[in-house]
Amino acid sequence: MFAKKIISWYLKNKRDLPWRNTDNPYYIWLSEIILQQTRVQQGLPYYEKFVENFKTVEALAAANEGEVLRLWQGLGYYSRGRNLHKTAQVVVREYGGRFPDNFKDLQKLKGVGRYTAAAIASFAFNESVPAIDGNALRVLTRFFEIFDPIDSPSVQKNIFDIATDLMKNVDAGNYNQAVMELGATVCTPKNPNCEECPINIECKAFENKSVSQIPIKAKKTKVSQKFFQYFVFEHKGRYWLKKRADNEIWANMYDFYLVESENLDYHENLEKTIEEFNIEVESVKTYPVVNHILTHQKQQIAFTEVKCKSASTIGNGNWYTIEELDDLAKPKIIVDFIQNLKKG
DNA sequence: AAACCGGGGTT
DNA sequence: AACCCAGGTTT
């Protein structure tokens, strides 16, 4: 009954989203990678861009990684973009351009875990396997009034098993979409609209007025404090940027010269850096420190613009005009800074 | 400031 | 199973 009620609610109330009008695994995979850790509202324009630029997995595989990262710019968690490109190449080279057609094999692809594999397997191939994202997890824990912590792997496994039973003999794709859509639009984290919920009668948490307490997380996110300083070297309208290495954070993306420090002694960083690269300084401009709050880190980032008397050699970087910078994939903090630079 | 969209990857 | 993640946006 659970499944059928939810599906019928979904068919009447679903949002019309482009990836819901296809069973092409390439488009579904693309949308799911974009939507990892990302709201529909934010991911939608990126999906449109990618579909337009890369109509097939072959087209995506043939692109340069730089192009892919440039299109991904601003979306965050850039390893998704790199995995997207790598996986496209694997699918073309090793799978003959056809995505694996089942839950188990899909998880072999880089960037495709349990949730994403279940989503593709059910939407594209109608395999009966539950796609449990945060929305579905919230719906299920509330419906069964599960007070166990959802960040425990064993609890997640139990819920996966329960969900597997629930979806027997129903349309797997629509069922999975339905549960997630209910979580996204009705069974929301705060102020859920229980009055309009199609399954409120059978919802244990609703019955016992415990909706606002569920789901429960055992662990709190740890937040650490970090200090960074960017040196924006400028010479005759050109700016120095470096392509980051393959094995580090923001891999293969471009940014200014970066120093991480133990504290806020940004002056010392400046002295050291100028000395290290033997830079002839014309002038120094200090920008207000930016507080950058991330999920796991509080960052204080200082931008220091150094106008140089010559375009010296500074590590493995190059000097670019503002216009040339547009074509390089950069983290958003850099994009934003350049935006301000342009404004003056 | 914390929560949210969280899943995937590594150890 | 524990731990990590150089995100953007909303509450």
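It should be emphasised that the depicted structure is a prediction, and the values quoted were computed from it without experimental measurement.
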dA1(B), OP1 or OP2 - any side-chain N/O from N291(A) closer than 4.0 Å?
no
Describe the nucleic acid contact of S79(A) in one word from base, sugar-phosphate, nothing, applying a heavy-atom distance below 4.0 Å.
nothing
Would you say the side-chain atoms of T87(A) pair up with the backbone N or O of H85(A), donor to acceptor, closer than 3.5 Å?
no
In whole angstroms, how far is the P atom of dG8(B) from the CZ atom of R80(A)?
11 Å
From CZ of R39(A) across to P of dC4(B) the rounded distance in Å is 10 Å
Identified ring pair (Phe, Tyr, Trp, His ring centres under 6.0 Å) partner of W19(A) from the options Y27(A), Y26(A), Y47(A):
Y47(A)
Between P of dG7(B) and CG of L137(A), the distance in whole Å:
8 Å
So, does R244(A) use its side chain to make a donor-acceptor pair with the main chain of M253(A) at under 3.5 Å?
no
Between dA1(B), dG8(B), dT11(C), which one does the side chain of K190(A) approach most closely?
dT11(C)
To the nearest Å, how far apart are L140(A) CG and dG6(B) C1'?
16 Å
Please answer whether the main-chain N or O of S210(A) pairs with a side-chain N or O of Q213(A) as donor and acceptor at a distance below 3.5 Å.
no
Let me know the distance between CH2 of W72(A) and P of dG8(C), rounded to the nearest Å.
13 Å
Which of Y320(A), W319(A), F256(A) passes side-chain contact (heavy atoms from CB on, under 4.5 Å) with W240(A)? It is W319(A)
Applying side chain to side chain contact (heavy atoms under 4.5 Å, CB included) to F144(A) and L166(A), what does each step give before you reach the verdict?
CA-CA 12 Å; F144(A) 293 107; L166(A) 281 176; 3.9 Å; yes
On DNA chain B, nearest-nucleotide positions of T38(A) versus K298(A): which is more 5'?
K298(A)
By the 4.0 Å heavy-atom rule, please label G74(A) as base, sugar-phosphate, or nothing.
sugar-phosphate
Looking across every strand, which nucleic acid part, if any, lies under 4.0 Å from R114(A) by heavy atom: base, sugar-phosphate, or nothing?
sugar-phosphate
Nearest-angstrom distance, P atom, dG8(B) to dT9(C):
22 Å
If you restrict it to nitrogen or oxygen atoms, what contacts under 3.5 Å exist between nucleotides 9-11 of chain B and the protein, and what is each distance?
residue, atom, partner, partner atom, Å
dG9(B), OP1, G111(A), N, 2.2

Heteroatom pairs (N/O) under 3.5 angstrom, protein to nucleotides 3-6 of chain C:
residue, atom, partner, partner atom, Å
dA6(C), N3, Q299(A), OE1, 3.4
dA6(C), N3, Q299(A), NE2, 3.3

Could you label the plane-to-plane angle of the F54(A) and F50(A) rings as parallel, tilted or perpendicular, counting under 30° as parallel and over 60° as perpendicular?
tilted
Just the rounded figure in Å: distance from C1' of dC5(B) to OH of Y47(A).
19 Å
Please work out if I150(A) contacts a base, only the sugar-phosphate, or nothing of the nucleic acid, heavy-atom cut-off 4.0 Å.
nothing
Quote, to the nearest angstrom, the P distance that separates dT11(C) from dG6(B).
14 Å
side-chain N/O R138(A) vs dC5(B) OP1/OP2, d < 4.0 Å
yes
Rounded to whole angstroms, how far apart are CG on D151(A) and P on dG7(B)?
12 Å
For DNA chain B, whose closest nucleotide is more 5', that of T116(A) or that of T188(A)?
T188(A)
State whether Y46(A) and K49(A) meet the cation-pi test: NZ (Lys) or CZ (Arg) under 6.0 Å from the six-membered ring centroid, and within 45° of the perpendicular axis.
yes
With no hydrogens and no angle check, is any side-chain donor or acceptor of N176(A) less than 3.5 Å from a backbone partner on V129(A)?
yes
Among residues two or more places apart or on two chains, list those pairs meeting side chain to side chain donor-acceptor pair (under 3.5 Å) that have a residue in residues 126-141 of chain A.
D133(A)-N135(A), N135(A)-R138(A)
Length of the OH-P vector between Y115(A) and dC5(B), whole Å:
13 Å
Quick one: is Q36(A) getting a side-chain N or O under 4.0 Å of the dC5(B) phosphate, OP1 or OP2?
no
